[in-house]
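Below: the structure, in structure tokens.
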Amino acid sequence: MKLAYILSLFVMSCALAIGAPVEKKYKEGGCCDKAQKAGGKCEHPCCVKAEKDGKVCEKCNK
């Protein structure tokens, strides 16, 4: 009984992990989004600083 329960939890968690939608990192149409779609990185100083900190610029991507 425990084996079936554990196995079903494992299968459901795998399904959630595989099918989970990826959150968009940048606002649609924002400067960083446009740069990413063009295959580059945004060169705005505020965006460069946020990228170094592992964040997204709040000013440009609200």
Checklist entry - Taking all atoms of both residues into account, what is the closest heavy-atom pair of Ala50 and Cys57, and its distance? => result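 Looks like CB-N, 3.5 Å.
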Checklist entry - In chain order, what residues pass the salt bridge (charged side-chain N to carboxylate O under 4.0 Å, His left out) check against Lys49, with sequence neighbours excluded? => result Asp53
Item to check | Listed partners of Lys52 passing salt bridge (charged side-chain N to carboxylate O under 4.0 Å, His left out), at least two apart | outcome: none
Next on the checklist: According to side chain to side chain donor-acceptor pair (under 3.5 Å), does anything in residues 32-47 pair up with another residue at least two apart or in another chain? List the pairs.
Outcome noted: Glu28-Lys37, Asp33-Lys37
